[in-house]
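Inspection log for the structure reproduced underneath, given as structure tokens.
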Amino acid sequence: MARLLAYAEAPRQDDWTLRSALVRYAQPEPLRASAVLELVRRTDGALHPHARRLEAGDEPAPRIAGLLEVAGELDRLGDLLAGWAIDPAQPRPDEDLDGIVRDVFTRLGELDVPRETRPPRRG
């Protein structure tokens, strides 16, 4: 459970996290990286109010279970990007990333997780 709740910052291969690998990926692909970051923020924002209960082992309600499935997909994306970040000379995982982004975007919509209406706060 803790790994799912910390999917964006969980260390992976060679200590790459989803966020750190996304920074490397974003250099030539800022729009794709921006889409992933929006999904991470939406997922984190929806899960945050429930984190303590989940960490304590409470059974998640169906909507929260759906959010955890979304976090699992983003966690899988983190593994994919970390694998690529270790050796960026290999082919970029664009198609896989696009598929996960589409699936997560659709799933968050089904779970009524609102889209961002203003730019994220800086600092």
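The structure displayed is predicted, hence computed values, not measured ones.
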Taking Arg19 first and then Asp44, would you say they form a salt bridge - that is, a charged N and a carboxylate O separated by under 4.0 Å? yes
If you count the non-hydrogen atoms of other residues, nucleotides and ligands that lie under 6.0 Å from CD in Gln90, is the total more than 12? yes
Show the nearest heavy-atom pair for residues Gly83 and Gln13, with the distance to one decimal. CA-OE1, 3.2 Å
Heavy atoms only: give me the nearest Arg63-Asp112 pair and the separation to one decimal. NH2-O, 3.8 Å
Decide yes or no on side chain to side chain contact (heavy atoms under 4.5 Å, CB included) for Leu68 and Leu5, but give the supporting numbers first. CA-CA 8 Å; Leu68 290 171; Leu5 293 173; 4.2 Å; yes
Minimum heavy-atom distance between Ala46 and Pro49, given as atom pair plus value: O-CD, 3.5 Å
Using a strict threshold of under 4.0 Å (side-chain N to carboxylate O), is an ion pair present between Arg76 and Asp96? no
Mark yes or no: Arg42 above the aromatic ring of Phe105, with NZ or CZ under 6.0 Å from the six-membered ring centre and no more than 45 degrees from the axis. yes
So, Thr43 side chain and Val40 main chain: donor-acceptor pair closer than 3.5 Å or not? no
Distance (rounded to the nearest 0.5 Å) between Arg115 CZ and Leu39 CG: 8.5 Å
Taking all atoms of both residues into account, what is the closest heavy-atom pair of Gly66 and Leu111, and its distance? C-CD1, 3.6 Å
Going by side-chain hydrogen bond (donor to acceptor under 3.5 Å, both in side chains), name the residues that satisfy it together with Arg52, two or more places apart in sequence or in a different chain. none
Locate the shortest heavy-atom distance separating Ala35 from Val101; write the atom from each residue and the value. CB-CG1, 4.3 Å
Distance, nearest 0.5 Å, that separates CG of Asp58 from NE2 of His50: 11.5 Å
Determine, stepwise, if the pair Leu77 / Val36 fulfils side chain to side chain contact (heavy atoms under 4.5 Å, CB included). CA-CA 9 Å; Leu77 178 59; Val36 172; 3.9 Å; yes
With Leu18 as partner, the option from Leu80, Leu81, Leu37 fulfilling side chain to side chain contact (heavy atoms under 4.5 Å, CB included) is Leu81
Atom pairs and distances, side-chain donor-acceptor, residues 21-30, under 3.5 Å, sequence neighbours left out:
{"residue": "Arg24", "atom": "NH1", "partner": "Ala85", "partner atom": "O", "Å": "2.5"}
{"residue": "Tyr25", "atom": "OH", "partner": "Asp94", "partner atom": "OD1", "Å": "2.4"}
{"residue": "Glu29", "atom": "OE1", "partner": "Arg32", "partner atom": "NH1", "Å": "3.1"}
{"residue": "Glu29", "atom": "OE2", "partner": "Arg32", "partner atom": "NH1", "Å": "3.2"}

Would you give the length of the straight line joining atom CG of Leu74 to atom CG of Asp79, rounded to the nearest 0.5 angstrom? 11.5 Å
Closer than 4.0 angstrom, basic N to acidic O: yes or no for Arg107 and Glu110? yes
